[in-house]
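In the text below, chain A, chain B and the rest are named by the order of the sequence lines, each starting its count at 1.
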Number of protein chains: 2
Amino acid sequence: MTSVSAGARQQDDASSSARRRRGTGSYDERRDRLADSALVTLGSLGYARTSLREIAANSEFTHGVIHYYFRDKTELITYCVRYYKATCVKRYDGVIRDSTTAEELVQAFADKLVETISTEAPMHRLWYDLRTQSMFDEALREDVLFIDATLETMIWRVLERYAALTGRPVRLPSSTAYAMLDGVFERALLRHVCGDARALQDLHATVLGALPLLLADA
Amino acid sequence: MTSVSAGARQQDDASSSARRRRGTGSYDERRDRLADSALVTLGSLGYARTSLREIAANSEFTHGVIHYYFRDKTELITYCVRYYKATCVKRYDGVIRDSTTAEELVQAFADKLVETISTEAPMHRLWYDLRTQSMFDEALREDVLFIDATLETMIWRVLERYAALTGRPVRLPSSTAYAMLDGVFERALLRHVCGDARALQDLHATVLGALPLLLADA
DNA sequence: GCACGGTCCTGACAGTCGTCAAGACCGTCC
DNA sequence: GGACGGTCTTGACGACTGTCAGGACCGTGC
């Protein structure tokens with residue numbers, strides 16, 4: 001995994017005052033703002049349909065600047081992916097921290113899953129898009145597998161807390177539990193994006209019903 | 001759902017002898033052979049990277065012919081999707097038919113899942129590609145949702161047979177069970193495509209372990 | 001005030017894409 | 001044998017893509 005902040009051109013000191021003459025913020029901050037714009041565009045159009053000109057048009061820059069901050073399109077995309085990961089890894093930490101009973105945790109977890117689809121559906125379909133593209137494009141695999149592993153441990157932390165609160169151990173390995181819940185989540189997202197009004201409430205009910213099955217019998 | 005055999009140009013009688021002068025087979029058969037070539041190319045490159053010229057290059061035709069048999073690229077793709085569906089819907093019928101005990105069925109089902117990844121991985125990643133693209137492109141949604149529903153009932157038939165053989169009912173609704181198994185399958189496919197040598201044996205073991213959890217206690 | 005250099009814009013390049021018009025090919029029928 | 005018409009090829013069109021060279025802009029340091 002190469003450094004995230006490896007720029008397109010040589011960059012001796014990102015925080016040097018000489019770098020702040022145009023635009024606002026540091027070199028890295030403007031990279032991140034470009035990544036922000038790119039993620040919005042990617043989430044709206046999908047990976048394949050998003051061009052660098054479109055990303056630039058939805059940002060404060062012009063299309064030529066992208067190659068000043070990123071070597072090529074692939075570097076921009078992978079930077080965006082890693083940048084995005086940082087925002088979603090801690091999504092359920094609050095659920096784990098604030099729940100004091102098993103029922104509370106299950107409810108909060110289901111609530112959070114629903115909320116994250118209703119407020120960030122474009123970002124999530126982008127993630128599934130990139131994960132699927134990684135099956136065709138080797139350049140994406142390293143990042144995708146890393147993020148997938150991160151999500152798996154995130155889910156596992158929820159389940160471990162759930163197991164601790166019930167006193168019953170999880171009876172599935174981490175990878176299986178994650179794959180199952182991810183399948184449920186992906187399907188709910190698809191239905192939601194397709195305009196199915198009941199997708200979210202069904203997701204909520206499904207999670208309430210399915211989580212207990214992941215634990216061993218009392 | 002519009003008719004699958006609605007051609008790009010008016011087509012009064014597909015089986016008329018006048019249509020057989022060039023090439024071999026009927027108009028519809030040549031459409032299907034074009035779809036065959038397109039599916040191979042799509043499975044190899046992915047939806048976004050597959051151009052009509054590339055499809056034609058991997059077929060017996062030239063790129064201009066595609067617009068003789070299909071109105072535009074979208075019609076070709078959706079035709080391919082429906083054409084493909086017919087080949088995968090009956091995939092587990094043999095498993096259901098030939099299994100006489102629950103253990104036999106679980107084994108045969110797991111075997112089939114592994115086999116279908118090892119022999120048809122490109123086709124499956126294409127399916128996931130198209131399903132994800134349907135979250136961005138409304139033109140694909142109708143076909144994707146239809147196929148997804150078909151796959152769900154296919155899985156449900158397996159589970160119903162499993163329930164009958166054990167005498168224990170499935171304790172999850174059809175949609176949840178399908179989403180969970182699909183998540184497991186998708187993850188195994190991703191790992192397999194990424195070169196993980198243990199992806200398939202893990203899938204096998206996972207299915208053996210997970211299927212009993214879908215049934216109510218004895 | 002002037003040169004330097006980081007930042008950004010403009011315009012162009014070659015390549016690829018979907019699409020389609022024009023016509024060649026050729027089996028069939030009068 | 002000649003006309004017909006379904007089938008297929010060729011070549012082109014405009015639009016779009018990622019990339020990059022050239023130079024404009026402008027804050028900083030001398």
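Close to C/dC8, at under 4.0 Å from its OP1 or OP2, lies a side-chain N or O of A/Arg30. One finds a side-chain N or O of A/His67 lying less than 4.0 angstrom from the OP1 or OP2 phosphate oxygen of D/dT19. Phosphate contact (OP1/OP2 of D/dC8, side-chain N/O of B/Tyr68, threshold under 4.0 Å): absent.
For the pair B/Glu75 CD and C/dG18 C1', the computed distance is 14 Å after rounding to whole Å. In this structure, B/Phe70 atom CZ and D/dT7 atom C1' are separated by 15 Å, rounded to whole Å. Distance, B/Ile66 CD1 to C/dT19 C1': 11 Å, rounded to whole Å. Across the protein-nucleic acid pair, B/Tyr27 atom OH and D/dT7 atom P stand 7 Å apart, rounded to whole Å. D/dG6 atom C1' lies 15 Å from atom CG of B/Asp28, rounded to whole Å.
Taking the six-membered ring where the residue is Trp, the centroids of A/Tyr27 and A/Tyr69 are separated by under 6.0 Å.
For A/Arg91, the salt bridge (Lys or Arg N to Asp or Glu O under 4.0 Å) test picks out A/Glu120, with sequence neighbours left out. Partners of A/Arg125 according to the salt bridge (Lys or Arg N to Asp or Glu O under 4.0 Å) rule, which considers only residues two or more places apart in sequence or in another chain, do not exist here. Residues satisfying the ring pair (Phe, Tyr, Trp, His ring centres under 6.0 Å) test with A/Tyr92, not counting sequence neighbours, are A/Phe109. A/Asp182 meets the salt bridge (Lys or Arg N to Asp or Glu O under 4.0 Å) test with A/Arg131; sequence neighbours excluded.
The ring pair (Phe, Tyr, Trp, His ring centres under 6.0 Å) analysis of residues 114-138 of chain A, with sequence neighbours excluded, yields the pairs A/His124-A/Phe185.
Counting any heavy atom pair closer than 4.0 Å across all strands shown, A/Val65 reaches sugar-phosphate atoms only and no base atom.
Contacts between residues 36-59 of chain B and DNA chain D, defined by a heavy-atom separation under 4.0 Å, are made by B/Arg53.
Here the nucleotide nearest the side chain of B/His63, chosen from C/dC8, D/dT9, C/dC20, is C/dC20.
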